[in-house]
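Worksheet for the structure shown next.
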Amino acid sequence: MLLYLFISCFSIIFFIKSLTLKPLPPWATEMRLLSPWFRKEVSFFLSSRLIKNILGLGYFTTVVSKMSLKKMSFTSKVDNFEEVEESAMSILDLPDLVLECILERLPPAALCSMAGVCSSLRSRCISDHFWEKHMKKKWGRIIGPAAYREWQWYIALRTRKDSSHLKQGKPKGLMRVLSIVRPSWWIKSKVDDSSKQCSLPDDSIMSWFLALETGGFWFPAQVYNRENGHVGFMLSCYDAELSYDPRTDTFQARYPPHGRRAVAIENYVPWERLRAPPFDTSPHDLHISDCLNELRPGDNIEIQWRRNKEFPYGWWYGVVGHLESCDGNDNYCRCHNSDTVVLEFNQYTAGSRWRRATINRKEHREEGNEADGFYGGIRKLCNEEEISTWKRLWPSEILE
């Protein structure tokens with residue numbers, strides 16, 4: 001042990017002596033400007049570090065010091081995280097007006113996701129106030145009073161079925177005893193499916209929007225150029241039941257049977273071929289015209305037409321034409337003073353029997369026969385969007 005200590009001390013003396021033989025580095029001259037106390041501390045630090053390395057203790061000291069630094073760093077990170085967590089603000093801490101403005105700007109999918117965060121946000125996100133805007137923006141153009149009435153019948157029927165299932169599922173015998181002991185177990189097993197639907201009010205606009213969006217609800221509307229533009233239905237618009245397909249962003253249409261024909265089904269109907277019915281009446285009812293006295297040549301009109309008495313009416317596009325006795329000069333035209341109104345359907349050739357039709361301005365109800373069909377009520381088109389829709393659907397070739 002004494003020999004080991006002697007060798008160590010001899011090595012230190014030899015090292016210090018070697019330092020005096022070498023020229024001092026440039027920074028050594030700057031050390032003279034430091035205080036004697038600081039130079040003493042630095043010399044002591046270097047000497048102690050050298051001794052620890054020689055005796056094999058330097059590594060241990062380094063490891064311990066690094067571990068202590070890591071521990072201090074980890075502790076500071078944890079403290080900072082706790083401070084950040086305590087200072088973080090929840091979205092529910094926002095003022096009601098600010099939170100409402102945020103929710104109003106969310107799309108339907110994000111609003112549904114927000115409703116699943118907590119009960120407080122759920123009560124806000126399912127509010128009709130937010131969903132009225134989404135309903136009007138996406139579905140307002142093709143949803144009318146008939147569709148809303150159909151939805152009311154749909155939820156009433158579903159509620160009646162759910163209540164009948166509960167009455168039919170009344171426990172008897174041993175199940176009655178078990179239901180008294182653990183009523184929640186029996187209720188959960190019997191009405192599990194209905195409980196999923198009852199989580200959202202059936203009469204809410206959100207529920208109606210989701211039923212339309214998922215295609216689970218069929219609603220009445222009208223389709224332009226039905227059956228993929230069948231030649232017999234060009235520039236017409238007929239009632240149908242529609243179901244939305246979210247995968248293709250199109251609709252499936254079911255047309256009611258015409259006479260002895262079965263139900264016709266058309267797939268992949270695009271949005272631009274749909275509209276809400278202009279009147280909340282049955283397609284079998286005659287529309288009472290209130291525009292006959294104001295019709296003049298050049299006016300755009302829609303008129304009801306059906307093939308025979310068993311068929312429902314469809315709306316057909318046409319224009320008001322001139323009488324045969326009129327040369328079409330606007331300065332001398334007196335067609336608007338006549339009791340006879342000429343209707344032209346220019347999608348047909350000039351010699352076609354479907355090209356022209358006449359009605360009586362004062363006594364018009366339903367006119368026609370089994371050969372040429374029956375013409376019903378007339379509505380004058382004043383909306384430029386409606387007129388442009390009809391012109392956009394104009395056939396590429398003149399019909400015979």
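Side chains included, hydrogens not; waters and symmetry mates left out as well; all remaining heavy atoms used.
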For this session: Before giving the answer on side-chain contact (heavy atoms from CB on, under 4.5 Å), spell out for Leu212 and Ile143 the whole-Å C-alpha distance, their side-chain angles and the decisive distance to 0.1 Å.
Result: CA-CA 10 Å; Leu212 291 168; Ile143 293 294; 4.3 Å; yes
Do [X] and [Y] sit in one hydrophobic cluster, given that two such residues count as connected whenever their side-chain heavy atoms are within less than 4.5 Å of each other, even indirectly?
X: Trp131; Y: Tyr148; value: yes
X: Leu92; Y: Leu111; value: yes
X: Tyr348; Y: Tyr317; value: no
X: Val342; Y: Ile303; value: no
X: Ile126; Y: Ile205; value: yes

I'd like to check [X] versus [Y] (side-chain heavy atoms, cut-off strictly below 4.5 Å). Are they in contact?
X: Ile155; Y: Ser207; value: no
X: Asp128; Y: Ser204; value: yes
X: Val341; Y: Leu292; value: no
X: Ile142; Y: Gln222; value: no
X: Arg334; Y: Leu323; value: no
X: Thr250; Y: Val269; value: no
X: Cys101; Y: Val98; value: no
X: Glu104; Y: His129; value: yes

For this session: Let me see the working for Phe279 and His287 under ring-ring contact (aromatic ring centres under 6.0 Å, His included), right down to the final yes or no.
Result: CA-CA 8 Å; Phe279 301 103; His287 171 66; 4.0 Å; yes
Answer yes or no: is there an ion pair linking [X] with [Y], defined by an N-O contact shorter than 4.0 Å?
X: Arg254; Y: Asp239; answer: no
X: Arg379; Y: Glu386; answer: yes
X: Lys380; Y: Asp299; answer: yes
X: Arg306; Y: Glu366; answer: yes
X: Arg275; Y: Glu302; answer: yes
X: Arg273; Y: Glu266; answer: yes

Problem set entry | Candidate pair Lys309 and Phe374, rule side-chain contact (heavy atoms from CB on, under 4.5 Å), full reasoning | CA-CA 8 Å; Lys309 297 288 187 177; Phe374 296 88; 3.8 Å; yes
Side-chain donor/acceptor of [X] to backbone N/O of [Y], under 3.5 Å:
X: Ser123; Y: Ser120; result: yes
X: Ser113; Y: Ala109; result: yes
X: Ser127; Y: Phe130; result: no

Rounded to the nearest 0.5 Å, what's the gap from [atom1] on [X] to [atom2] on [Y]? Could you check?
X: Asn346; Y: Ile398; atom1: CG; atom2: CD1; value: 8.0 Å
X: Leu103; Y: Leu121; atom1: CG; atom2: CG; value: 7.0 Å
X: Leu157; Y: Gln152; atom1: CG; atom2: CD; value: 13.0 Å

Exercise. Does the pair Tyr154 and Phe217 meet the rule for a ring-ring contact (aromatic ring centres under 6.0 Å, His included), with working shown?
Worked result: CA-CA 8 Å; Tyr154 176 80; Phe217 172 64; 5.3 Å; yes
Taking atom types as modelled, is there a side-chain donor on [X] or [Y] under 3.5 Å from an acceptor on the other?
X: Asn293; Y: Arg361; answer: no
X: Tyr244; Y: Asp249; answer: yes
X: Tyr332; Y: Asp327; answer: no

Problem set entry | Stepwise side-chain contact (heavy atoms from CB on, under 4.5 Å) test for Val319 and Ile301 | CA-CA 6 Å; Val319 294; Ile301 57 96; 5.8 Å; no
Please report the shortest heavy-atom distance between [X] and [Y], naming the atom on each side.
X: Ile378; Y: Cys291; result: O-SG, 3.7 Å
X: Cys125; Y: Met206; result: O-SD, 4.3 Å
X: Leu235; Y: Leu393; result: CD2-O, 3.6 Å
X: Pro220; Y: Glu150; result: CD-CB, 4.0 Å
X: Met234; Y: Gly229; result: SD-O, 3.3 Å
X: Ala115; Y: Arg122; result: O-CB, 3.2 Å

Can you tell me if [atom1] on [X] sees more than 12 non-hydrogen neighbours from other groups inside 6.0 Å?
X: Glu272; atom1: CD; answer: yes
X: Arg247; atom1: CZ; answer: no
X: Glu363; atom1: CD; answer: no
X: Glu385; atom1: CD; answer: no
X: Arg105; atom1: CZ; answer: no
X: Lys391; atom1: NZ; answer: no
X: Arg296; atom1: CZ; answer: no

Problem set entry | Passing option when Gln252 is tested against Asp245, Leu242, Asn267 for side-chain contact (heavy atoms from CB on, under 4.5 Å) | Asn267
Exercise. Please walk me through it: do Asn329 and His322 pass side-chain contact (heavy atoms from CB on, under 4.5 Å)?
Worked result: CA-CA 10 Å; Asn329 190 327; His322 292 273; over 6 Å; no
For this session: Would you please indicate if the ring centroids of Trp315 and Tyr238 are separated by under 6.0 Å?
Result: no
Exercise. Taking it one step at a time, do Trp316 and Tyr375 satisfy ring-ring contact (aromatic ring centres under 6.0 Å, His included)?
Worked result: CA-CA 10 Å; Trp316 293 73; Tyr375 295 91; 9.2 Å; no
Problem set entry | Aromatic ring pairing Trp139/Phe209, orientation class (parallel under 30°, perpendicular over 60°, tilted between) | perpendicular
Exercise. Which word best sums up how the rings of Trp151 and Trp208 line up, parallel for under 30°, tilted for 30 to 60°, or perpendicular for over 60°?
Worked result: parallel
For this session: Determine, step by step, whether Asp372 and Arg307 satisfy the salt bridge (charged side-chain N to carboxylate O under 4.0 Å, His left out) criterion, reporting the C-alpha distance in whole Å, the side-chain angles of both residues, the deciding distance to 0.1 Å, and the verdict.
Result: CA-CA 7 Å; Asp372 298 331; Arg307 189 70 182 83; over 6 Å; no
Problem set entry | Residue pairs, two or more places apart or on separate chains, that pass salt bridge (Lys or Arg N to Asp or Glu O under 4.0 Å) and touch residues 135-145 | Lys138-Glu213
Problem set entry | Six-ring centre of Tyr255, Arg226 cation under 6.0 angstrom, axis tolerance 45° | yes
